[in-house]
Amino acid sequence: MHAPIKYFEKGLSVAANGAWNVFNGLNQIGQRPSFIPRWSEKPLLKSYEKTKPPLGWPRETDSLCPTCTREARQAILDGKKDVSVLLSEKVGEIKATILERDGKILMVKDCPLHGHFEDVMAMDTAFFKHLEEVFPGRDIRAHSDEKLHNHGSSTIKHGRGAVLTVDLTNRCNMMCDPCFMDANQVGFVHELSWEDIKTVLDNAISIKPKRQMSVQFSGGEPTISPYFLDAVRYARTVGYNSVQAATNGIEFAKSPEFAKAAAEAGLRYAYLQFDGIGNAANAHRRVGNLFDVKLRAIENLHSAGVDIVPVITIVNGVNNEQVGRIVEFALDNPKKINFLSFQPVSFTGRDEEITDERRHAQRYTLSHLAHDVKGQTGLGEPTRDWFPISFMATFTDWADVVHGPDAPWGQLTCGCHPNCGVGMAVMIDKETREAVPVTAFLHAEQLAKDVAKVNDAGRGKKLSVLGMTLAVMRNYDPFKAPTHFKLTDLLKKFDKTFGATKKAQSGGYGKVEGDRTAADIAKRRADRWNFLFIAGMWFQDLFNYDFRRTEMCIIPYATQQGEISFCAYNTGIGWRNIIEKMHMTATLTKWYEKHGRHEIFAGGKAVALDSTAHSLTLNEEAVRKGAQTDLDELGIAKNAREEKLKAKSSVRLEPDVEKDARYHEEMARLYRQEVLKEQPTLQIQGLGGKKKSHEPQAVLHKPVV
């Protein structure tokens with residue numbers, strides 16, 4: 001039996017539907033042209049002006065030959081070719097076809113030199129089709145940006161960006177697989193100086209469209225950079241309102257004071273590496289007590305006022321059975337977790353030269369994620385509740401219209417390709433823990449169409465807010481919403497997110513700007529309703545690379561050579577390898593001679609914690625579960641290290657390989673050989689003029705005895 005308020009709200013929804021029809025009819029008359037905001041040199045786009053890349057299947061796109069690309073990159077690193085070829089030639093590029101076969105979506109491609117390659121893009125054709133059909137179109141085209149976006153075929157061409165990634169250092173206090181950057185194993189240190197950090201942050205806001213970016217400091221492990229806190233503080237000072245750290249959490253777990261210092265500097269989010277529930281589920285990271293570290297990091301960060309986003313790299317056969325357990329962990333702790341970021345594995349860094357056998361066994365797609373969430377938790381319908389993250393662009397477009405032409409920044413807009421990322425929103429009652437997908441009680445597809453019509457009319461703030469309100473009300477079904485959820489709660493959520501009313505502008509919900517206080521944090525956390533966003537972000541590798549995705553990237557890396565697409569930097573032609581060698585700080589040997597070695601947790605070494613106490617709710621059965629053994633049972637290596645050992649020994653890897661003395665002996669030998677070796681400095685011309693000096697200006701961690 002529904003409460004009386006539900007019937008009243010249903011009546012409001014019916015009335016709003018009638019009012020909308022009148023409003024929309026009048027709104028089509030004499031629509032206003034788009035204005036040019038202060039933060040852009042081009043007008044806002046109407047919905048019908050947005051372009052789309054080729055979608056559907058079969059379709060042809062531009063991709064890369066995995067072997068040609070690696071060979072070309074190595075030639076540049078060896079000094080046999082100048083890096084300028086990447087600006088003038090289509091290095092390693094071949095055509096690829098995206099097609100359907102046996103109920104799956106595949107990318108297939110053929111290189112005249114290296115033969116046939118294919119990989120799975122989706123295991124559910126209906127899901128793949130749904131994502132592409134609801135994609136609203138590309139964001140405003142990048143313009144007046146040649147200073148930062150000039151990277152040949154890898155150049156970013158569309159959008160204003162969403163998250164600017166800044167790698168402070170390639171040093172890390174772990175040595176785990178998988179790793180985008182092959183941290184600790186490239187033979188040299190690449191670490192940004194303080195001047196570098198200020199320059200890349202200043203550059204990002206010097207071009208138009210001026211982007212309301214989040215800044216994510218990454219690495220390696222960013223917290224071991226001597227400039228981490230200063231970088232966070234500076235980013236907030238120059239106007240970025242969402243400063244993040246992509247971290248393994250070790251430093252935050254060890255020290256509540258460090259977590260507090262980060263919060264005081266302006267850290268808003270910690271993107272916390274989080275691969276599963278229990279130490280066994282994290283054993284593949286080779287730290288003895290890694291789950292205890294995560295729990296303490298969450299405890300310390302949340303107490304300091306920093307919000308936590310668990311980031312889960314999903315590898316099929318290694319930890320895909322953890323998907324449901326992690327979602328349930330978030331549902332059980334709604335006051336501390338309001339965002340999950342699942343990242344299906346990208347075979348790059350240490351895993352780039354993966355065997356076909358391991359790649360096919362470990363491949364995990366966004367469609368796998370949607371089905372695993374439903375299969376393991378019963379939550380969500382893949383084609384009803386999951387949308388490309390770019391679906392939200394229609395709503396941020398509305399916010400741009402409402403904030404008007406004098407807004408100093410554009411809204412943070414996720415305008416990436418529909419194959420890049422997906423998400424499902426879940427409304428959770430923090431008091432009863434009842435959880436319902438938002439799109440179970442809000443008709444999202446129709447709502448987006450309605451809001452696009454409001455945007456296209458361009459009526460200004462008051463009428464645009466009225467149009468959005470009517471659109472939300474008419475697409476809301478109170479009988480399918482959580483028991484205690486009200487229509488007013490939904491409208492407040494929209495206002496809190498997009499800042500349309502005076503309450504949002506005055507900080508009535510709690511400020512998020514650089515001057516926010518502990519009281520602001522408490523206000524935002526006092527909301528009874530947790531809007532949990534379960535996201536999946538699938539980064540490309542050489543086997544599924546699509547330049548149509550690269551040119552729409554919203555999470556570029558800020559480097560000494562400009563802003564480069566996430567995938568083009570970490571994989572593709574491998575701009576990371578090239579730029580880090582161009583601007584290397586020192587070889588490892590020279591670095592260690594001067595600064596000593598920073599502590600590395602590997603080979604099962606545990607992190608010393610003052611306490612393992614926490615206030616999180618855990619499913620003890622999930623904690624006690626052992627590590628996933630699917631690949632062990634098939635005799636397939638779990639990572640690049642095991643694959644090398646398997647190739648050398650030609651013997652089947654046993655499930656207890658981590659305890660094998662010979663394994664550890666071989667790992668130690670490979671560490672000495674691969675990590676501590678000297679590598680020559682690479683001199684490359686053609687991208688940025690004279691090579692700068694990057695001498696550290698602060699005291700680093702003491703040597704480990």
Side-chain angles (χ1 to χ4, degrees), residues 165-192 197 216-229 231 244-255 258 262 270-275 282-290 293-294 297 311-313 343 345-346 348-352 557 559 569-570 576-577 579-581 583-589 591-592 595-608 639-641 667-668 670-672 674-677 679 694 696 698 700-704:
T165 306
V166 180
D167 277 354
L168 296 180
T169 178
N170 71 341
R171 295 185 298 128
C172 188
N173 48 11
M174 289 175 62
M175 289 204 26
C176 51
D177 292 296
C179 179
F180 281 126
M181 72 179 312
D182 208 8
N184 292 332
Q185 294 199 35
V186 292
F188 62 86
V189 170
H190 173 264
E191 191 153 292
L192 297 188
I197 294 168
Q216 184 171 105
F217 293 111
S218 184
E221 173 53 41
T223 59
I224 67 175
S225 164
Y227 303 111
F228 172 70
L229 295 178
Q244 313 166 1
T247 177
N248 56 35
I250 289 175
E251 296 301 315
F252 294 116
K254 287 161 58 178
S255 172
F258 182 69
Y271 273 60
L272 181 68
Q273 177 198 63
F274 195 94
D275 286 347
N282 290 271
H284 59 288
R285 297 290 185 179
R286 298 172 55 75
V287 176
N289 61 339
L290 194 55
V293 169
K294 306 304 177 186
V311 178
I312 309 97
T313 301
Q343 297 181 356
V345 64
S346 169
T348 186
R350 294 202 247 285
D351 290 292
E352 191 172 65
Y557 273 86
T559 79
Y569 192 63
N570 286 310
R576 175 192 289 281
N577 307 70
I579 289 174
E580 289 188 348
K581 285 297 291 286
H583 297 275
M584 64 181 287
T585 310
T587 63
L588 269 182
T589 302
W591 180 273
Y592 289 156
H595 304 289
R597 299 182 185 181
H598 63 275
E599 189 171 18
I600 295 177
F601 299 92
K605 181 179 179 180
V607 178
N639 54 50
R641 291 189 183 95
M667 285 299 96
L670 286 175
Y671 179 83
R672 292 192 299 271
E674 301 295 332
V675 177
L676 301 182
K677 66 183 179 181
Q679 294 194 19
H694 296 275
L700 302 175
H701 292 274
K702 294 180 180 179
V704 178

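As a basis for the values below, the full set of heavy atoms in this structure was taken, side chains included, without hydrogen atoms, waters or symmetry mates.
Of the residues V287, N173, N248, the one that meets the side-chain contact (heavy atoms from CB on, under 4.5 Å) test with V607 is V287. Here the rule is side-chain contact (heavy atoms from CB on, under 4.5 Å) with I600, and of M174, M175, K605 only M175 fits it.
Between the CD atom in Q244 and the CG atom in L272 there is a gap of 13.0 Å [rounded to 0.5 Å]. To the nearest 0.5 angstrom, D167 atom CG is 11.0 Å from E191 atom CD. Remark: R171 CZ to R597 CZ distance equals 13.5 Å, nearest 0.5 Å. Atom CG of N577 sits about 11.5 Å away from atom NE2 of H190, to the nearest 0.5 Å. Rounded to the nearest 0.5 Å, atoms OG (S218) and OH (Y557) are 5.0 Å apart. With values rounded to the nearest 0.5 angstrom, L192 atom CG is found 8.0 Å from T585 atom OG1.
H598 places a side-chain N or O within 3.5 Å of a backbone atom of C172 that can act as its donor or acceptor partner.
Residues K294 and Q273 meet the side-chain proximity criterion, which asks for heavy atoms closer than 4.5 Å. Within the 4.5 Å cutoff, no side-chain heavy atoms of T169 are placed close to those of F228. In this structure, F217 and T247 have side chains that are not in contact, with every pair of non-hydrogen atoms separated by 4.5 Å or more. Side chains of L290 and F601 form no contact here, defined as non-hydrogen atoms less than 4.5 Å apart. Counting only heavy atoms from C-beta outward, the side chains of T313 and R285 approach each other to under 4.5 Å.
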Margin query: Let's go through F258 and T223 carefully: what are the C-alpha distance in whole Å and the side-chain angles of both, what is the deciding distance for side-chain contact (heavy atoms from CB on, under 4.5 Å) to 0.1 Å, and is it a yes or a no?
Written below: CA-CA 10 Å; F258 182 69; T223 59; 3.9 Å; yes
Item checked: H284 and D275: CA distance, side-chain angles, deciding distance, side-chain hydrogen bond (donor to acceptor under 3.5 Å, both in side chains) verdict -> CA-CA 9 Å; H284 59 288; D275 286 347; 3.0 Å; yes
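Shortest non-hydrogen contact noted between L168 and S225 is CB-CB, 3.8 Å. Here the shortest heavy-atom pairing between F188 and N170 reads O-ND2, 3.1 Å. For A246 against Q216, the heavy-atom pair with the smallest separation is CB-OE1, 3.4 Å. Shortest non-hydrogen contact noted between I312 and F274 is CG1-O, 2.8 Å.
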